[in-house]
Amino acid sequence: MVLLTTACRTDEMVIPSEYDRLPIAPTPHCNPIGMYVLNEGNMGSNKASIDYVDFENGLYARNLYAERNPSVIKELGDVGNDLQIYGSKLYAVLNSSHKVEVMDARTLVRIGQIDIPNCRYINFHEGNAYVTSYVGPIAIDPNAQPGAVYRVDTTDLSITGRCAVGYQPEELVITDGRIYVANSGGYRKPNYDNTVSVIDLATMKQIQKIAVAPNLHRVRQDAYGRLWVSSRGDEASIPSRLIVLDHKESSSREMVVTDTLDIPCSDMCIVGDSLYFYSLAWSDKLERNVVSYGIINVRTKELVTDNFITDGTETAIEKPYGIAVNPSNGDIYVTDGKNYVSSGTVHCYNREGVRQWSMRAGDIPAHMVFLNREGQ
């Protein structure tokens, strides 16, 4: 396949990728056909990289971007913060490089870049990309300025709109003609933001702020139209929690907080009625990090399990840093950032929570996105 073919170049040095065979049988004709992994790389090291898990051929490929784009100065960039596919393009958000790198989703060949200061996360709707941005410089500052959401035309990669939101905005969800943005206020610690900004898509104007909880981060939508928002708390008296937003009334577009679950959450993904999450939270009482790998039934809002890893191998994970679930077969992927300065690991578990394989990744593997077969 094109993605796994190394081009022969004589005019410039090509940084080789590394390929390892997965210890499982290849699955030809599967969909999705593979999964990209964005390795963040430690800030200032300029070591963000992209790996690829090839389900069809049973291979794990490391550092593909550098090989496919040997003429790009500084390679992918500094601190990979998000990775998404929209249409035929793959978008990597590079926080400290202040850009969104745009590539062909099947070859990883560079198409261009979008310059956005201190960019964080990306989502898409009807031909446009929407990117959250801290706007200001990367620094803890009690007077840090509010952030923004930028609108980008995915055809020519031009910025076509901008809307100011809360302080240090993180993830965003687009639904029902509105954008919901989780504001963290992380630079203003300990005076965190505690709101979700609501933007009208048509006008790109902020029309509401919903008070939720301090230091918001993740936001996902379930099949019932509800939003699940994670709060990291204030690292003092308020712990990490999951908050549910739902429509105020069945006929209303207005969202309100309906439930607060005393469940810490660092990252999450929703497949069907199951919300998979992991948490890495410090316990003052135990004087150590407490880790959980849980599943919540989004329909009932009940915790199904606080450890979906059933074979005891969770002890091999030093610092969980990312999670994804294959919607076709239920495989669960958990990344391990380890010490944040050396190679991390991608672990694959089946739907029963039994580890299938573990592979060395780049530095701080964090963000994963599945690549579907063309036309599907």
Side-chain angles (χ1 to χ4, degrees), residues 1-9 14-41 47-70 72 75-77 79-94 100-111 122 269 321-329 331-337 343-349 355-376:
M1 58 187 294
V2 173
L3 187 60
L4 296 174
T5 301
T6 303
C8 180
R9 299 292 297 269
V14 176
I15 300 173
S17 299
E18 298 177 348
Y19 299 88
D20 282 336
R21 186 158 294 283
L22 296 173
I24 57 173
T27 53
H29 314 300
C30 62
N31 191 50
I33 61 173
M35 181 181 75
Y36 287 113
V37 180
L38 176 62
N39 303 292
E40 288 190 356
K47 290 180 67 177
S49 63
I50 295 177
D51 298 346
Y52 181 69
V53 187
D54 181 352
F55 301 146
E56 283 194 306
N57 297 289
L59 295 172
Y60 191 100
R62 298 181 195 87
N63 197 30
L64 280 175
Y65 180 90
E67 179 185 89
R68 299 304 147 84
N69 302 281
V72 176
E75 299 181 8
L76 186 59
V79 186
N81 210 73
D82 198 11
L83 188 71
Q84 300 292 338
I85 290 175
Y86 184 69
S88 63
K89 298 184 181 77
L90 177 68
Y91 296 77
V93 179
L94 284 305
V100 179
E101 188 77 359
V102 186
M103 299 149 277
D104 183 285
R106 302 197 177 273
T107 66
L108 231 61
V109 172
R110 186 178 195 267
I111 294 172
I122 189 168
C269 61
Y321 209 76
I323 187 169
V325 177
N326 188 325
S328 68
N329 61 15
D331 282 352
I332 307 165
Y333 300 88
V334 178
T335 67
D336 186 354
S343 297
T345 304
V346 177
H347 300 280
C348 174
Y349 297 85
R355 189 169 66 179
Q356 304 300 290
W357 51 263
S358 300
M359 298 298 293
R360 177 173 59 86
D363 292 2
I364 319 181
H367 312 281
M368 293 163 279
V369 64
F370 295 101
L371 177 66
N372 287 326
R373 190 175 299 280
E374 286 192 85
Q376 298 187 30

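Smallest separation of non-hydrogen atoms from T27 and C30: O-SG, 3.0 Å. Contact record, P26 with G58: CB-N, 3.9 Å, taken as the closest heavy-atom pair. A pairwise comparison of heavy atoms in T335 and A366 identifies OG1-CA, 4.0 Å as the closest pair. In this structure, I122 and Q84 approach most closely via the heavy-atom pair CG2-CG, 3.6 Å. Minimum interatomic distance between L64 and Y19 (heavy atoms only, all atoms of both residues): CD2-OH, 3.8 Å. Across every non-hydrogen atom of G80 and E40, the tightest pair is O-CG, 2.7 Å.
Taken to the nearest 0.5 Å, the CD atom of E67 stands 11.5 Å off from the CD atom of E75. The CD1 atom of I111 sits 9.0 Å away from the CG atom of L90 when rounded to the nearest 0.5 Å. To the nearest 0.5 Å, atom CE of residue M359 and atom CG of residue D20 are 4.0 Å apart. The NE2 atom of H367 sits 6.5 Å away from the OH atom of Y321 when rounded to the nearest 0.5 Å. One finds the CD1 atom of I85 at 7.5 Å from the CG atom of N372 (value rounded to the nearest 0.5 Å). A distance of 10.0 Å separates OH of Y52 from CE of M35, quoted to the nearest 0.5 Å.
Partners of N81 by side chain to side chain donor-acceptor pair (under 3.5 Å), not counting sequence neighbours: none found. Residues satisfying the side chain to side chain contact (heavy atoms under 4.5 Å, CB included) test with S328, not counting sequence neighbours, are P32, N326. By the ring-ring contact (aromatic ring centres under 6.0 Å, His included) test, Y91 pairs with F124, sequence neighbours left out. R21 is linked by a salt bridge (charged side-chain N to carboxylate O under 4.0 Å, His left out) to nothing, counting only residues two or more places apart in sequence or in another chain. Under the rule for a side chain to side chain contact (heavy atoms under 4.5 Å, CB included), the partners of R360 that lie at least two apart in sequence or sit in another chain are E18, R62, S343. Y60 pairs by the ring-ring contact (aromatic ring centres under 6.0 Å, His included) definition with nothing, not counting sequence neighbours.
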- Query: Hey, mind stepping through T107 and R68 against side-chain contact (heavy atoms from CB on, under 4.5 Å) and telling me if it holds?
  - Reply: CA-CA 8 Å; T107 66; R68 299 304 147 84; 5.7 Å; no

- Query: Going through the checks in order, is the side-chain contact (heavy atoms from CB on, under 4.5 Å) test met by Y65 and E101?
  - Reply: CA-CA 11 Å; Y65 180 90; E101 188 77 359; 2.4 Å; yes

- Message: Let's go through Y349 and W357 carefully: what are the C-alpha distance in whole Å and the side-chain angles of both, what is the deciding distance for side-chain contact (heavy atoms from CB on, under 4.5 Å) to 0.1 Å, and is it a yes or a no?
- Response: CA-CA 7 Å; Y349 297 85; W357 51 263; over 6 Å; no

- Message: Using the rule given for side-chain contact (heavy atoms from CB on, under 4.5 Å), can you reason through N69 versus V109, listing the C-alpha separation, both sets of side-chain angles and the distance that settles it, and then say yes or no?
- Response: CA-CA 6 Å; N69 302 281; V109 172; 4.2 Å; yes

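In summary, the side chains of D51 and N63 do not present any donor paired with an acceptor at a separation below 3.5 Å, with no hydrogens or angles considered.
Remark: side-chain polar atoms of N39 are not paired, donor with acceptor, to backbone N or O of G41 under 3.5 angstrom.
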